[in-house]
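To start, the structure under review is shown below, and the notes come after it.
Order of the sequence lines sets the chain letters (A, B, ...), proteins ahead of strands, with each chain counted from 1.
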Amino acid sequence: MPAPDAEPLRAAVLDWFGRHARDLPWRSADCSAWGVLVSEVMLQQTPVVRVEPAWRAWMARWPEPADLAAASPADVLRAWDRLGYPRRALRLQECARAVVERHGGVVPAGAAELLALPGVGPYTAAAVQAFAFGRRSVVLDTNVRRVLARAVQGAALPAPSQTAAEVRLAEALVPADDATAARWSAASMELGALVCTARSPRCEECPIAGMCAWRAAGRPVDEHAGRRRTQAWAGTDRQVRGKVMALLREALGPVPAEAVEAVWPERAQLERCVESLLVDGLMVRVPGADDDQPPVYRLP
DNA sequence: AATGCGGGGGT
DNA sequence: ACCCCAGCATT
């Protein structure tokens, strides 16, 4: 299964990348390693088009780890705005503080040091090594997984969860030298993002259509279809938490309990969500002045 | 290995 | 309506 024709495949993708790579700000030659790390955390489950303006504003406001480390969490959460999963914003600030405390304010280049940072997992650590430091690493995100599933494995889509076999395959395809490996990582991701897309792939524009196992097999349907149930959204705790966070972000000051309760009619669910937001450190409860006065809530 | 965790845009 | 998006932390 490890593609016998790895070299032509890599060459075609790298050549295509040279002509079609997007001009994203975190790819700029003068972007700092911290800028790359910030972009990667923002891009964890949030599309590029929504991250780009947020990243520009964020980096203008807090250009160095020490700047973000010194900010108030409330400001951080407001600047995060609607990027989603606001716990990531808190982790990014914890990450900034860890970089300052453990590494003197300089983003580390080693895999172990990167993985030890809050909010940094296998993907992000590999991405920072490649894109910030030009080092060889195995960058295996949803885009690369899909490209490899189709081109090499002949499947419509990768398995719901990442397998060890996928990591081995990806590893086998990464070029040996640092510079080419880093460029391959960006190129294979970009191909998945722009051409080999999940929904309606543009095979007619694909530089490796001629060597694609999925296309050669007649583009069979997804074998995991039906087993991919999406998480419901309407009425979930995630939706309720999102409403509470939106209220707190937009408020100028502390919010009365009554206003928090107004965002959702089901009392028990709202209480559960408020408690979880408190546990997550995404909000703070300030007791009322009197014992029988209701509390107020604010961002941390 | 499974779950929980936002929010918006494309199809 | 449904699906997807440069995942991570926790259980």
Could you check which nucleotide pairs with dG6(B) in any of the strands shown, counting Watson-Crick or G-U wobble with both distances under 3.5 Å?
none
Using the [atom1] atom as the point on both nucleotides, what is the distance between [M] and [N], in whole Å?
N: dC5(B); M: dC4(C); atom1: C1'; answer: 16 Å
N: dG6(B); M: dT10(C); atom1: P; answer: 15 Å
N: dG8(B); M: dC8(C); atom1: P; answer: 23 Å

Shortest side-chain distance from [X], nucleotide among [options]:
X: Ala198(A); options: dC5(C), dC5(B), dA6(C); result: dC5(C)
X: Ser200(A); options: dC8(C), dT11(B), dG6(B); result: dT11(B)
X: Arg146(A); options: dG4(B), dC5(C), dC4(C); result: dC5(C)
X: Gln44(A); options: dG4(B), dC8(C), dG6(B); result: dC8(C)
X: Arg199(A); options: dA6(C), dG6(B), dC3(C); result: dC3(C)
X: Arg249(A); options: dC4(C), dA6(C), dG7(B); result: dG7(B)
X: Tyr123(A); options: dC5(C), dG7(C), dG10(B); result: dG7(C)
X: Trp26(A); options: dC2(C), dG8(B), dA6(C); result: dA6(C)

Does Glu205(A) have any side chain to side chain contact (heavy atoms under 4.5 Å, CB included) partners at least two apart in sequence or in another chain, and if so, which?
Arg202(A)
Taking for Gln162(A) and for Leu83(A) the nucleotide of DNA chain B with the nearest heavy atom, the one nearer the 5' end belongs to Gln162(A)
Earlier contact from the 5' end, DNA chain B, for Val49(A) and Arg91(A)
Arg91(A)
Is it true that Met283(A) and Val263(A) fall in one hydrophobic cluster, defined by side-chain heavy atoms closer than 4.5 Å?
yes
Given 3.5 Å as the limit, does a donor-acceptor pair link the side chain of Ser185(A) with the main chain of Ala181(A), or not?
yes
Is it true that a side-chain atom of Arg135(A) and a backbone atom of Asp178(A) form a donor plus acceptor pair closer than 3.5 Å?
no
Rounded to the nearest angstrom, tell me the gap between atom [atom1] in [X] and atom [atom2] in [N].
X: Arg50(A); N: dA6(C); atom1: CZ; atom2: P; result: 11 Å
X: Lys243(A); N: dC5(B); atom1: NZ; atom2: P; result: 16 Å
X: Leu140(A); N: dC5(C); atom1: CG; atom2: C1'; result: 16 Å
X: Arg88(A); N: dC5(B); atom1: CZ; atom2: C1'; result: 10 Å

Side-chain donor/acceptor of [X] to base of [N], under 3.5 Å:
X: Arg82(A); N: dG8(B); answer: no
X: Arg238(A); N: dG6(B); answer: yes
X: Thr142(A); N: dG7(C); answer: no

May I ask you to say what Val120(A) touches in the nucleic acid, namely base, sugar-phosphate or nothing, with a heavy-atom cut-off under 4.0 Å?
sugar-phosphate
Indicate, with a heavy-atom threshold strictly under 4.0 Å, whether Thr124(A) touches base, sugar-phosphate, or nothing.
sugar-phosphate
Could you give the side-chain donor-acceptor pairs of residues 86-94 of chain A under 3.5 Å, partners two or more places apart or in another chain?
{"from": "Arg88(A)", "atom 1": "NH1", "to": "Val41(A)", "atom 2": "O", "distance (Å)": "3.0"}
{"from": "Arg88(A)", "atom 1": "NH1", "to": "Met42(A)", "atom 2": "O", "distance (Å)": "2.9"}
{"from": "Arg88(A)", "atom 1": "NH1", "to": "Gln44(A)", "atom 2": "O", "distance (Å)": "2.8"}
{"from": "Arg88(A)", "atom 1": "NH2", "to": "Thr46(A)", "atom 2": "OG1", "distance (Å)": "2.8"}
{"from": "Arg88(A)", "atom 1": "NH2", "to": "Leu83(A)", "atom 2": "O", "distance (Å)": "3.0"}
{"from": "Arg88(A)", "atom 1": "NH2", "to": "Gly84(A)", "atom 2": "O", "distance (Å)": "2.8"}
{"from": "Gln93(A)", "atom 1": "NE2", "to": "Leu68(A)", "atom 2": "O", "distance (Å)": "3.0"}
{"from": "Gln93(A)", "atom 1": "NE2", "to": "Ala71(A)", "atom 2": "O", "distance (Å)": "2.9"}

Between the side chains of Glu64(A) and Trp34(A), does any donor sit under 3.5 Å from an acceptor?
no
